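Note that the structure is predicted; figures quoted are calculated from it, not measured. Letters go in sequence order (proteins before strands), and every chain restarts at 1. Quick note: numbers below take in every heavy atom, side chains included, and nothing from hydrogens, waters or symmetry partners.
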Amino acid sequence: MEPKPFAPIAERLIAWQKQHGRHDLPWQNTTDPYAIWVSEIMLQQTQVAAVITYYLKFMQRFPDIASLASASQEDVLQYWSGLGYYSRARNLHKAAQIIMQQHGGNFPQDFEAIQALPGIGRSTAAAISSFAFGLSQPILDGNVKRVFARYFLIEDWPGLPRVEKTLWQLAEAMQPESEMGVYAQGLMDMGATLCTRTRPRCDICPLQEDCGAWAANRVKELPASKPRKAVPERTVQMLVLCHADKVLLEKRPESGIWGGLWSLPELGLEQDGAAWAMQALSMPSSGAEPLVQLTHVFTHFRLHISAQRLTVPVLPLQAQEPRWQWMSLDEAIHAALPVPVRKILQVLAKQHHVVSNAHQGQLALI
DNA sequence: AATACGGGGTT
DNA sequence: AACCCAGTATT
């Protein structure tokens with residue numbers, strides 16, 4: 001019988017977490033499942049530093065499930081604008097309404113019920129479960145995958161379904177008997193602060209003594225990186241239709257990119273803006289001028305945007321569909337917009353500012 | 001099993 | 001410029 005040479009990793013991580021983990025992030029030191037839930041959703045594929053200010057503003061505006069559930073989707077998206085992965089916000093909102101209707105306004109405490117809420121998968125359900133309720137469910141996020149890929153010397157890319165299955169099994173097997181929340185936090189904090197992708201701090205790692213990658217001198221190469229394909233490129237034209245101090249925005253469909261956000265009309269590069277405005281919106285326009293060109297990079301493609309400004313002297317008599325809306329420039333910039341659209345409108349606002357200053361100057365001269 | 005879904009940070 | 005990040009839902 002071989003004696004166990006080292007303490008279980010859960011034991012070491014719990015001790016490490018208590019001494020060296022992070023303890024004062026805005027969503028820590030609470031067992032309020034709502035506060036924890038919001039943080040976990042924001043932290044999906046998004047780093048702590050980027051989340052903090054969004055989280056504080058969001059919690060101030062939507063302090064509890066009821067206030068979130070009763071808000072408009074528009075309002076919720078506005079507080080998410082700039083964070084990305086907008087389905088997270090739509091699902092959060094939808095889930096709050098489900099909790100009001102199906103759980104009497106109380107966050108469910110059953111693991112399956114938690115995971116059944118939209119936007120909450122196995123790992124997020126496990127994180128909420130352990131932090132808020134002390135349930136024993138394994139988490140498996142990017143940090144855990146990296147720590148395990150190194151500790152267990154897993155050579156293949158952790159995103160492979162076969163490897164992922166193994167990782168979940170390991171995650172289950174490593175669960176402690178108690179202190180679930182401290183363990184889960186320790187695993188993630190260790191991954192985020194010591195077992196980092198580059199320049200990991202193996203010198204002070206509580207798992208170094210029996211880490212497979214450390215023993216094999218393979219830490220730098222693991223975890224294996226995702227096999228990449230060339231990212232496609234797309235070029236579009238965006239129209240900034242201006243009438244007096246207002247611009248025309250279009251609400252995007254629920255599903256697909258930038259779902260539910262306000263954007264600008266998109267055209268192929270070959271199409272003529274004025275002709276399109278006349279045909280699609282019965283809107284005469286003139287004075288087309290290039291406004292700005294920019295490139296927006298997504299995970300899965302690169303989007304080149306060429307923004308054109310058009311002046312609409314007279315509004316058509318017929319009311320437009322509700323997905324079209326004239327907003328003042330100031331109003332538009334504060335709406336729920338994707339980042340590149342906000343940038344385009346800021347360029348316009350800057351021009352507007354220069355023009356109105358020149359105008360004021362003229363008035364002063366007269 | 002593969003793909004869609006953002007934006008920001010690091011190197 | 002490549003790569004990654006407290007993943008989930010859809011196809």
Side-chain angles (χ1 to χ4, degrees), chain A residues 21-22 25-28 36-55 77 80-92 94-95 114-128 130-131 138-147 149 157-165 167-168 171 181 184-193 195-200 220 222-233 252-261 263 295-303 336-343:
Chain A
R22 297 174 292 192
L25 296 172
W27 45 86
Q28 293 181 324
I36 293 164
W37 171 36
V38 172
S39 76
E40 290 302 329
I41 300 301
M42 285 193 175
L43 288 162
Q44 288 171 359
Q45 299 290 283
T46 310
Q47 294 178 4
V48 168
V51 163
I52 291 176
T53 58
Y54 279 90
Y55 180 79
L77 282 173
W80 210 272
S81 174
L83 247 193
Y85 281 144
Y86 298 96
S87 66
R88 294 185 294 176
R90 295 194 305 273
N91 283 330
L92 192 67
K94 202 184 305 170
I114 295 172
Q115 202 185 331
L117 293 169
I120 302 183
R122 182 174 177 185
S123 191
T124 299
I128 298 170
S130 56
F131 295 146
I139 56 170
L140 186 62
D141 59 23
N143 289 314
V144 182
K145 284 180 179 174
R146 189 172 53 254
V147 171
W157 176 54
L160 279 176
R162 193 190 83 251
V163 179
E164 191 141 336
K165 192 179 168 191
L167 287 167
W168 274 114
Q185 192 67 55
L187 199 47
M188 291 194 289
D189 276 13
M190 205 280 281
T193 62
C195 198
T196 48
R197 187 169 63 89
T198 54
R199 283 191 279 201
K220 204 163 49 174
L222 297 177
S225 57
K226 178 190 172 91
R228 293 277 175 188
K229 295 169 185 170
V231 294
E233 312 215 358
R252 299 186 60 96
E254 286 286 302
S255 62
I257 203 157
W258 299 331
L261 269 62
S263 189
T295 299
H296 191 71
V297 183
F298 295 88
T299 316
H300 48 305
F301 67 97
R302 190 188 305 266
L303 183 65
L337 307 173
V339 163
V341 172
R342 190 182 311 280
K343 282 182 182 165

Where each residue is assigned the nucleotide of DNA chain C containing its nearest heavy atom, which of A/Pro223 and A/Gly121 is assigned the position nearer the 5′ end?
-> A/Pro223
Measure from CG on A/Leu160 to C1' on B/dA2 and round the result to the nearest Å.
-> 12 Å
Answer with base, sugar-phosphate or nothing: what part of the nucleic acid does A/Leu83 contact at a heavy-atom distance below 4.0 Å?
-> base
Hey, does the side chain of A/Arg146 come within less than 4.0 Å of C/dA6's phosphate (OP1/OP2), counting only N and O?
-> yes
Please assess A/Arg146 against A/Thr196 for the test side-chain hydrogen bond (donor to acceptor under 3.5 Å, both in side chains), listing each intermediate value before the final yes or no.
-> CA-CA 8 Å; A/Arg146 189 172 53 254; A/Thr196 48; over 6 Å; no
Tell me: CD of A/Glu164 to C1' of B/dA2, nearest whole Å?
-> 13 Å
Pair A/Phe131 and A/Trp37, ring centroids less than 6.0 Å apart | no
Quick one: is B/dT11 close enough that its OP1 or OP2 comes under 4.0 Å of any side-chain N or O from A/Thr198?
-> yes
When rounded to whole Å, the CG to P distance for the pair A/Asn91 and C/dT8 reads 11 Å
If only side-chain N and O atoms of A/Arg199 are considered, is one of them under 4.0 Å from the OP1 or OP2 phosphate oxygen of B/dT11?
-> yes
Given atom CZ of A/Phe298 and atom P of B/dG8, what is their separation to the nearest angstrom?
-> 11 Å
OP1 or OP2 of B/dG7 under 4.0 Å from side-chain N/O of A/Tyr86 | yes
Using a heavy-atom cut-off of under 4.0 Å over every strand shown, decide if A/Val48 touches base, sugar-phosphate, or nothing.
-> base
Given C/dG7, is OP1 or OP2 found less than 4.0 Å from the side-chain N or O atoms of A/Gln45?
-> yes
Does A/Trp258 have a side-chain nitrogen or oxygen under 4.0 Å from the phosphate oxygens OP1 or OP2 of B/dG7?
-> yes
Under 4.0 Å between a side-chain N/O of A/Arg88 and OP1 or OP2 of B/dG6, yes or no?
-> no
Does a side-chain N or O from A/His300 land closer than 4.0 Å to OP1 or OP2 of B/dC5, or not?
-> yes
Under the 3.5 Å rule, do the base of C/dG7 and the side chain of A/Thr124 count as making a donor-acceptor pair?
-> no
Touch check for A/Gly82, heavy atoms < 4.0 angstrom, all strands: base, sugar-phosphate only, or nothing?
-> sugar-phosphate
Rounded to whole angstroms, how far apart are CE on A/Met188 and P on C/dA6?
-> 9 Å
Map A/Lys226 and A/Val297 onto DNA chain B by nearest heavy atom, then report which one ends up closer to the 5' terminus.
-> A/Lys226
Establish, with yes or no, whether the OP1 or OP2 oxygen of B/dG6 is under 4.0 angstrom from a side-chain nitrogen or oxygen of A/His296.
-> no
How would you label the contact of A/Trp27 with the nucleic acid (heavy atoms, under 4.0 Å): base, sugar-phosphate, or nothing?
-> base
Ignoring hydrogens and angles, does a donor from either the side chain of A/Thr46 or the base of B/dG8 sit under 3.5 Å from an acceptor on the other?
-> no
Protein-nucleotide distance (A/Asp141, atom CG; C/dC4, atom P), rounded to Å | 15 Å
Is the distance between the ring centroids of A/Tyr55 and A/Trp27 under 6.0 Å?
-> yes
Looking at side-chain heavy atoms only, is the closest gap between A/Asp141 and A/Gln44 below 4.5 Å?
-> no
How long is the line joining CZ of A/Arg302 and P of B/dG6, in whole Å?
-> 17 Å
Can you tell me how far the CD atom of A/Gln45 sits from the OG1 atom of A/Thr299, to the nearest 0.5 Å?
-> 8.0 Å
